[in-house]
Amino acid sequence: MTAESSALYDVPGPKALARHRLYGGIALLAIAALIGWIVYMLFHTHQFTAAKWTAFQYKGVQDLLLRGLANTLKAFGWTVLFALPFGALFAVGRLSDHRVVRLLSTLVVEFFRAMPVLVMIFFIFVALKVAPLWALVAGLVLYNGSVLAEVFRAGVLAVPKGQGEAAFALGMRKSQVMAYVLVPQAARAMLPAIISQLVVALKDTSLGFLITYEEFLHAGKLIAANLDYDLPFIPVVMVIAPVYIGMCLLLSWFAHWVERRSRRSPSARGGAPVAPAEVSMGLPPSARA
C-alpha cells in the first residue's frame with residue numbers, strides 16, 4: 001500500500017516532510033556521535049594495542065573458545081529439538097475440545113511463561129541436582145516451549161474461521177482439519193515469530209555460565225579472568241559479541257530463505273494440499289478448492 005492510498009494516516013505535506021528529514025538527520029548525528037564516543041574511549045583506554053590481543057593467538061585460548069561455542073550450539077540444538085514439540089503439544093492441548101485438557105495445558109503454559117528462566121534453571125540444577133547441560137536445556141525448553149505454544153495457538157486461530165468450517169462440512173475430523181487445512185496456512189504467518197523465539201533461546205544459552213556449564217560466554221569469562229591487564233573483558237566481549245550476532249543473523253537469514261521457498265512451492269500458491277477425506281468423498285477439484 002502506497003502512502004498516497006493509505007487510510008491509516010494523513011499524507012505528510014511539505015512542512016511535515018521537512019520536519020521528518022530534520023528529525024532523521026538529528027537522530028543520525030546522535031547515533032554517529034555515540035558510536036564515535038565509544039570508539040574514542042576504546043582507543044583512549046588502549047583496547048586495540050597488540051598486547052591485549054596476543055592472548056587470542058594461543059592455541060589453548062582458541063580451543064577454549066571453540067569448545068565453548070560447540071557447547072553453546074549443543075545446548076541450543078537440544079533446546080530446539082524439545083521446545084518445538086513441547087510448544088506444538090501444548091498448543092494442541094489449549095485448542096482441545098476437552099475442557100480438562102484445555103485447562104491443564106493453559107495452566108502449564110501460563111506458569112512456565114511467567115517463571116523467570118534463570119529461576120527455573122537454578123531450581124533444576126540445585127534442587128533436582130541435574131547436570132549443568134540438561135538443567136540449562138530443561139529451563140530453556142520449559143520457557144521457550146511455552147512461548148512457542150502461544151505462537152502456534154495464535155497462528156492457528158488467525159486462519160479465517162471459514163476455512164475450518166468448510167473442512168468440517170466436508171466430513172473431515174479435527175485432526176485432519178488441523179493437519180491439512182489450518183496448520184499449513186498458519187505456518188508462514190508463524191515462521192517469523194518462531195525464529196524470533198529461537199533467537200531468544202540461542203542468546204539465553206549464555207545463562208549456562210551461572211551454573212558452571214562451559215558454554216561460549218563461560219569460556220570468555222575464563223579467558224578474561226586470566227588476563228593481567230586493565231579492562232580485560234572488553235577485548236573478550238569484542239570477540240564473543242560478533243559471534244553471537246552472526247549466529248542470530250544466520251537464523252534470521254534461514255527464516256527468510258524458508259519463507260521464500262514456501263512462496264515458490266505449489267502448495268503455497270495453490271492452497272493447502274488435498275486431504276484424504278476430500279478424495280474419499282469423490283468431490284471434483286472445483287469443489288475441493
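These numbers come from the heavy atoms of this one structure, side chains and all, not from hydrogens, waters or symmetry mates. In this text, all values refer to a predicted model and were calculated from it rather than measured experimentally. The first residue in the sequence is number 1, and the count goes up from there.
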Run the numbers on S96 and R102 for side-chain hydrogen bond (donor to acceptor under 3.5 Å, both in side chains), then give the verdict.
-> CA-CA 6 Å; S96 174; R102 191 167 63 248; 5.7 Å; no
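- Using a 4.5 Å heavy-atom cutoff, the side chains of L133 and L136 are not in contact.
- In this structure the side chain of L65 reaches within 4.5 angstrom of the side chain of F216, judged on heavy atoms.
- Counting only N and O atoms by type, the side chains of R94 and S105 include no donor and acceptor under 3.5 Å apart.
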Go through the steps to decide whether L73 and M247 satisfy the test side chain to side chain contact (heavy atoms under 4.5 Å, CB included), and finish with yes or no.
-> CA-CA 10 Å; L73 295 176; M247 290 190 293; 3.6 Å; yes
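- No side-chain heavy atom of S146 sits under 4.5 Å from any side-chain heavy atom of F90.
- Listed here is the closest heavy atom pair of G68 and A219: CA-CB, 4.3 Å.
- Within a 6.0 Å sphere centred on CZ of F48, other residues, nucleotides and ligands contribute more than 12 heavy atoms.
- Using the six-membered ring where Trp is involved, H44 and Y40 have ring planes that are parallel, under 30° apart on the 30 and 60° scheme.
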Show the numbers, then the answer: is there a salt bridge (Lys or Arg N to Asp or Glu O under 4.0 Å) between K59 and D63?
-> CA-CA 6 Å; K59 190 175 186 303; D63 290 342; 3.0 Å; yes
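- We find the OH-CG distance between Y58 and L64 to be 15.0 Å, quoted to the nearest 0.5 Å.
- Side chains of F76 and E215 form no contact here, defined as non-hydrogen atoms less than 4.5 Å apart.
- Taking the side chain as every heavy atom from C-beta outward, M115 and Y143 never approach each other to under 4.5 Å.
- Looking only at side-chain heavy atoms (C-beta outward), M238 and W53 come within less than 4.5 Å of each other.
- Put simply, the side chain of I194 reaches to within 4.5 Å of the side chain of L84, judged on heavy atoms.
- Between the CG atom in L148 and the CG atom in N144 there is a gap of 6.5 Å [rounded to 0.5 Å].
- Residues F56 and V239 meet the side-chain proximity criterion, which asks for heavy atoms closer than 4.5 Å.
- Shown here for T45 and K52, the closest heavy-atom pair between the two residues is O-NZ, 3.2 Å.
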Determine, step by step, whether I211 and V126 satisfy the side chain to side chain contact (heavy atoms under 4.5 Å, CB included) criterion, reporting the C-alpha distance in whole Å, the side-chain angles of both residues, the deciding distance to 0.1 Å, and the verdict.
-> CA-CA 9 Å; I211 57 172; V126 176; over 6 Å; no
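- N71 places a side-chain N or O within donor-acceptor distance of the main-chain N or O of E214, the cut-off being under 3.5 Å.
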